[in-house]
Amino acid sequence: QDAPARYNLQTPVTSIAQQINDMHTWLMVICLVIFIGVFGVMFWAVFNHRKSKGAVAAHFHENTVVEIAWTIIPILILLGMAWPATRTVIDMKDTSNPDITVKATGYQWKWGYDYLQGEGEGVRFFSSMSTPRDQIEGGAPKGEAYLLEVDKPLVVPVGKKVRMLLTANDVIHSWWVPAFGVKQDAIPGFIRDAWFLAEKEGVFRGNCAELCGRDHGFMPIEVHVVSAERYAQWVAEQQAGMSAGTAAAVSVTPEDGAPAGVGARGLDVGLNVAAVADGKT
Amino acid sequence: MSQATTTRSFDHYFVPEPSKYPIFGSVALLLFGSGAAMWLNKVEAGPWMFFAGLAILIYMLFGWFGQVVRESESGLYGQRVDASFRWSMGWFIFSEVMFFAAFFGALFYARVLSVPWLASGDNEALLWQGFSSAWPSSGPYTPSRADPFTPMGAWGIPAINTLILLTSGVTLTFAHYGLLAGKRGRLTLGLAATILLGGVFIGLQAYEYVHAYAELNLRLDSGIYGSTFFLLTGFHGLHVTIGAIMLTVMLFRVLAGHFSAQHHFGFEAAAWYWHFVDVVWLILFVVVYWL
Amino acid sequence: MAAVTHDQLQGHQHGQSGLMRWITTTNHKDIGTLYMFFSFFMFLSGGVMALTIRAELFQPGLQVVQPEFFNQLTTMHGLVMVFGAIMPAFVGFANWMIPLMIGASDMAFARMNNWSFWLLPPAAILLLGSFFVPGGAAAAGWTMYAPLSVQMGMGMDLAIFAIHIMGISSIMGAINIVVTVLNMRAPGMTMMKMPMFCWTWLITAYLLIAVMPVLAGAVTMILTDRHFGTSFFNAAGGGDPVMYQHIFWFFGHPEVYIMILPAFGIVSQIIPAFARKPLFGYASMVYAVAAIAILSFAVWAHHMFATGMPAAGQLFFMYATMLIAVPTGVKVFNWVATMWRGSLSFETPMLWAVGFIFVFTIGGFTGLICAIAPIDIQVQDTYYVVAHFHYVLVAGSLFALFAGAYYWLPKWTGHMPSEFLGKLHFWCSLVFFNITFFPMHFLGLAGMPRRIPDYALQFADFNALISIGAFGFGLSQLIFLVAVIKCIRGGERAAARSWEGAEGLEWTVPSPAPHHTFEEAPVLR
Ligand code: HEA
Ligand code: HEA
Ligand code: CUA
Ligand SMILES: [Cu+2]
């Protein structure tokens with residue numbers, strides 16, 4: 001495992017995340033150059049055009065040519081930035097032809113995963129933070145993956161295109177795995193999608209990235225990217241476990257009844273037919 | 001200060017004395033806001049504070065506008081104050097337009113974007129099976145209130161109300177011409193007719209609400225259609241009421257002999273406001289009732 | 001001085017004194033002063049909340065506050081700073097300075113002006129008081145996203161009504177400013193001769209009139225969703241939670257320019273004064289401000305790149321947002337060109353103004369990086385965004401406010417502020433500001449989400465550093481308090497033209513400015 005990032009974006013393991021990293025570096029360079037240019041000029045003036053050094057003020061206060069120049073040149077620079085960004089946006093939106101489709105549902109405060117299509121179809125479980133209360137309250141030393149560990153991680157095979165469908169049951173959450181370059185809000189009542197294709201095996205961690213109430217800081221995401229064989233094995237284990245009658249424990253309906261707020265007004269997903277009177281009077 | 005000469009066109013701008021009214025207004029809104037919040041959360045003192053706030057607010061409005069009227073009648077306001085009033089009324093109405101824009105925006109967004117999204121693709125497959133996008137919509141699914149409602153049709157009361165408001169615009173203009181021509185009788189008549197039409201409008205609107213609740217089962221909580229319908233028409237109705245109150249004040253001022261053919265911005269402001277309310281209704285009629 | 005005797009004759013003719021004078025005043029200078037004291041008080045309250053947040057985040061684990069309360073603190077810190085501290089402070093400057101700058105005797109609607117101010121304390125009471133109601137204050141973030149805000153307790157209702165009241169105040173204040181600028185200029189003060197500060201405020205006021213009602217509408221819909229069963233933001237009833245975000249940010253993005261354009265105005269007054277050289281490119285500065293304002297209506301969804309908009313939407317909002325860098329760049333370049341070959345001196349106001357340009361530009365660049373949709377996918381809702389907006393809000397708006405305060409204090413109090421204290425305040429603030437907020441960029445890039453009371457271990461070092469910086473920054477602000485109090489109490493007497501290079505009508509009246517100025521319109525050459 002790589003050491004966790006400290007100064008920069010996390011080491012990318014998907015091509016999208018890689019593109020984002022490169023773009024960020026490229027923008028940093030441009031901004032730095034402009035910055036040094038502009039403030040080089042300014043600090044030159046600050047140090048040399050001082051009254052205390054006998055500088056006498058010039059009286060120019062207009063110059064149409066420079067004004068036009070410093071309008072046009074930034075536009076060109078921006079075009080240089082927009083081009084790669086546009087390509088990445090279009091790539092990010094291409095969720096077609098996935099190998100595996102997983103639905104993730106945000107709950108206050110845990111994630112529910114539901115393998116909908118591809119190898120592992122039918123597997124479903126909840127994933128909650130597993131850091132013990134003790135560590136948070138200072139009663140026990142904090143573990144290495146403090147706050148970023150879950151009881152049941154999401155498992156996906158390496159080198160396969162995974163399409164994530166995101167929704168939520170109560171309030172908005174956001175499913176974010178930095179190393180994949182994926183962040184997608186999970187919006188109650190709507191399905192949004194995103195995709196990733198992990199190029200490397202390993203454990204990748206993220207957080208819920210939209211304020212969702214009290215334990216927003218405590219609903220991490222942990223993804224295990226494994227080899228095809230390990231994945232097949234994992235799927236077999238899950239399916240065995242499910243048919244062995246633990247289904248109750250893995251149902252995606254929240255066991256503690258409808259949550260407060262919107263939930264109480266009926267936002268349990270996947271249900272009924274609309275009751276709309278047709279036609280107009 | 002070397003330059004102290006006054007130019008002729010630049011008359012002395014009236015700056016009012018210190019006034020006690022604003023602080024009454026502030027206390028009123030404090031009581032109003034906290035009272036409303038408490039009321040909504042079932043704290044007993046809530047309604048009391050709410051109505052106390054309302055009472056103080058009414059006192060403040062009477063006092064404040066009374067003073068403005070007196071100042072105006074005693075000729076303290078020069079032409080530039082008049083110009084200030086014109087600018088401010090215009091921009092105030094613009095701010096009201098933006099307030100309505102938020103709700104019209106919500107209606108547009110729900111109808112054109114989000115309701116179709118709810119019924120499309122993965123959304124329909126996984127969350128709302130069988131929901132097909134339609135307007136009016138009570139939403140994909142409300143388990144507790146699956147009871148159907150009938151949407152409000154356009155060609156009954158709403159069409160009559162449209163005619164009423166359009167007519168009221170005409171009567172108001174008639175009154176204005178009367179004022180400009182110095183014909184007080186026409187002025188009074190036109191103004192009174194306008195107020196009357198406004199009253200009829202509000203009455204019909206109230207009847208329509210009763211009808212909606214009692215017969216159509218169309219309620220505030222009938223999904224997104226009910227939400228947008230009642231908030232848009234409700235806020236419009238509130239503005240008609242405010243406009244009618246303004247016109248009524250103007251009627252009393254007319255009866256008291258205020259206003260001249262040259263100097264009557266109070267009347268004009270109320271008229272502008274009335275026309276604004278009118279225009280909002282026309283948009284409302286088309287996008288809420290008709291389409 | 002004729003005006004002084006005039007003042008002595010007139011100043012107290014209304015017979016109000018003590019508290020009643022301040023409660024009933026219709027004088028733009030009194031009201032400006034009230035606005036500024038109010039906003040400084042709110043700044044301290046919001047600052048105390050920020051320091052509590054920083055104390056909790058000093059090290060991993062929960063020590064100082066529990067998560068519910070932490071969320072309340074974050075929410076109220078944002079609301080109090082935005083609506084209580086920064087916006088009223090700028091309105092205070094507008095009240096004091098615009099009539100003086102354009103040669104008007106007062107604001108166009110002096111009585112309504114009083115109400116604009118006196119609506120703020122009730123709003124503040126509702127807002128701050130909500131900490132003490134059952135369930136505590138609103139805890140859904142200052143953005144109050146539905147449906148989380150629909151879940152909240154009574155604190156949310158109080159916040160909603162507070163926003164309504166502040167909205168009324170802002171709209172009245174903005175109308176007053178628009179009318180004053182359009183209708184009260186002295187003869188000869190044409191629009192294109194107006195000081196930049198008046199221009200920036202005119203345009204800001206238009207933004208306010210256009211977007212405050214929209215915010216009022218947004219929170220009203222939350223209110224009815226909470227209590228009256230409407231379904232605006234509830235998909236079960238056919239609504240959409242994301243719709244709230246669209247409406248909110250239609251207000252929210254112009255709002256951030258409401259907080260920066262007057263700052264641009266202040267800086268555009270100060271730089272020429274201490275460069276002893278006219279503002280470079282006045283006309284293009286005006287057009288740039290207008291361009292920023294117009295563009296600001298077309299970029300709101302850059303706060304929503306992670307909601308999953310269609311690609312076309314993302315691209316549109318990305319391009320529009322990037323475009324704003326152009327007019328903002330024009331402003332930065334013009335300031336630098338104003339300094340170029342000037343005769344510069346660095347009294348306290350100028351230090352703050354130059355500091356502003358330097359640090360604000362960093363914030364602008366990080367804004368641009370946020371604007372790139374794919375990169376924003378990584379940094380949205382992380383400390384990178386927190387870093388961005390504190391660079392533009394604290395080092396932008398707040399630094400400009402300090403610059404303006406030191407610049408006009410002589411006019412307000414009649415005494416020169418202490419150069420020593422002012423410079424100490426500046427250097428402490430600049431250093432601690434960067435210690436506090438620069439490392440947030442690293443945290444955000446490395447993946448620390450915002451609005452969390454506890455974090456993973458790899459973020460511990462920077463957070464400790466940030467918290468130390470925050471306390472240093474907070475303490476540095478007390479220097480300002482001391483400097484202002486000393487300046488009110490006494491100090492070197494200020495001349496009418498308190499700074500050598502200062503230009504404008506406000507410097508033609510004595511310092512302190514008499515209670516009534518320009519009752520007879522000045523004549524401009
Ligand atoms: C004073 C307030 C202020 C100002 C001025 C700005 C200015 C800008 N902001 Fe910022 N912003 C906020 C306050 C502000 N912002 C706040 C409060 C939030 C968070 C709200 C929340 O979620 O709570 C936010 C969030 C925010 C986001 C969303 C981030 C996210 O949540 O993921 C984005 C994304 O596009 C953004 C972009 C920009 C841009 C492009 C500018 C531009 O205007 C900056 C332009 C300036 C420059 C670019 C520098 C100077 C220019 C030059 C020297 C010219 C040459 C340069 C080039 C050609 C590159 N801002
Ligand atoms: C508008 C201006 C503004 C200003 C000036 C500030 C100022 C500061 N902000 Fe704020 N901040 C916001 C606007 C602002 N902020 C917004 C909009 C948010 C987003 C909220 C949200 O997510 O919803 C935010 C969020 C935010 C966060 C993220 C919280 C989270 O995500 O959970 C943090 C964390 O460090 C922070 C820190 C600070 C600090 C340290 C200061 C410092 O500059 C403060 C300086 C300190 C003081 C001024 C204290 C001085 C007082 C004393 C020393 C004692 C005085 C004694 C008495 C009162 C008697 N801010
Ligand atoms: Cu779930 Cu934040
Ligand atoms: Cu923005």
Give, as side chain, backbone, both or neither, the part of [X] having an atom under 4.5 angstrom from any heavy atom of chain B.
X         : result
Ile209(C) : both
Val214(C) : both
Leu208(C) : neither
Phe117(C) : neither

With distance as the sole test, does [X] use its side chain to make a donor-acceptor pair with the main-chain N or O of [Y] at under 3.5 Å?
X         : Y         : result
Arg111(C) : Pro22(B)  : no
Ser84(B)  : Val179(C) : no
Ser227(B) : Ser231(C) : yes

Residue [X] versus chain C: region with a heavy atom under 4.5 Å:
X         : value
Thr228(B) : both
Met60(B)  : side chain
Leu118(B) : side chain
Tyr21(B)  : neither
Ala36(B)  : both
Leu231(B) : side chain

Among Asp30(C), Thr26(C), Thr25(C), find the residue that satisfies the side-chain contact (heavy atoms from CB on, under 4.5 Å) test when tested with Pro18(B). Thr26(C)
Testing the basics here: between [X] and [Y], what is the closest heavy-atom pair and its distance to 0.1 Å?
X         : Y         : answer
Gly33(B)  : Phe161(C) : O-CD1, 3.4 Å
Tyr13(B)  : Ala108(C) : OH-O, 3.0 Å
Ala37(B)  : Leu158(C) : CB-CD2, 3.6 Å
Ser114(B) : Gly238(C) : OG-O, 4.0 Å

Quick check: under 4.5 Å, non-hydrogen atoms only, which of residues 46-57 of chain B neighbour chain C? none
[X] side chain near [Y] side chain, heavy-atom distance below 4.5 Å:
X         : Y         : result
Ser19(B)  : Asn114(C) : no
His164(C) : Phe32(B)  : no
Thr224(C) : Phe230(B) : no
Trp115(C) : Trp64(B)  : yes
His227(C) : Asn41(B)  : yes

Answer key: most heavy-atom pairs under 4.5 Å with chain C among Ser222(B), Ala106(B), Gly226(B) is Ala106(B)
Which residue out of Ser26(B), Ala102(B), Gly90(B) racks up the most heavy-atom pairs below 4.5 Å with chain C? Ser26(B)
Please enumerate all residues that pass side-chain hydrogen bond (donor to acceptor under 3.5 Å, both in side chains) together with Gln245(C), with sequence neighbours excluded. none
Would you call the rings of Phe232(C) and Phe103(B) parallel, tilted or perpendicular, taking 30° and 60° as the class edges? perpendicular
How long is the straight-line distance from [atom2] of [Y] back to [atom1] of [X], given to the nearest 0.5 Å?
X         : Y         : atom1 : atom2 : answer
His246(C) : Leu113(B) : NE2   : CG    : 7.5 Å
Phe24(B)  : Ile23(C)  : CZ    : CD1   : 10.5 Å
Leu40(B)  : Met156(C) : CG    : CE    : 13.0 Å
Met98(B)  : Phe250(C) : CE    : CZ    : 4.0 Å
Ser34(B)  : Ile165(C) : OG    : CD1   : 8.0 Å
Phe99(B)  : Leu215(C) : CZ    : CG    : 10.5 Å

Listed by residue number, which members of residues 168-177 of chain C have a heavy atom under 4.5 Å from any heavy atom of chain B?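 Those residues of residues 168-177 of chain C which have a heavy atom under 4.5 Å from chain B are Ile168(C), Ile171(C), Ile175(C).
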What residues of residues 118-133 of chain C sit under 4.5 Å from chain B when only non-hydrogen atoms are counted?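 Result: Trp118(C), Leu119(C), Pro122(C), Ile125(C), Leu126(C).
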I'd like to know whether CH2 of Trp87(B) has more than 12 heavy-atom contacts from other residues, nucleotides or ligands below 6.0 angstrom.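 No - once you tally the heavy atoms of other residues, nucleotides and ligands closer than 6.0 Å, there are 12 at most.
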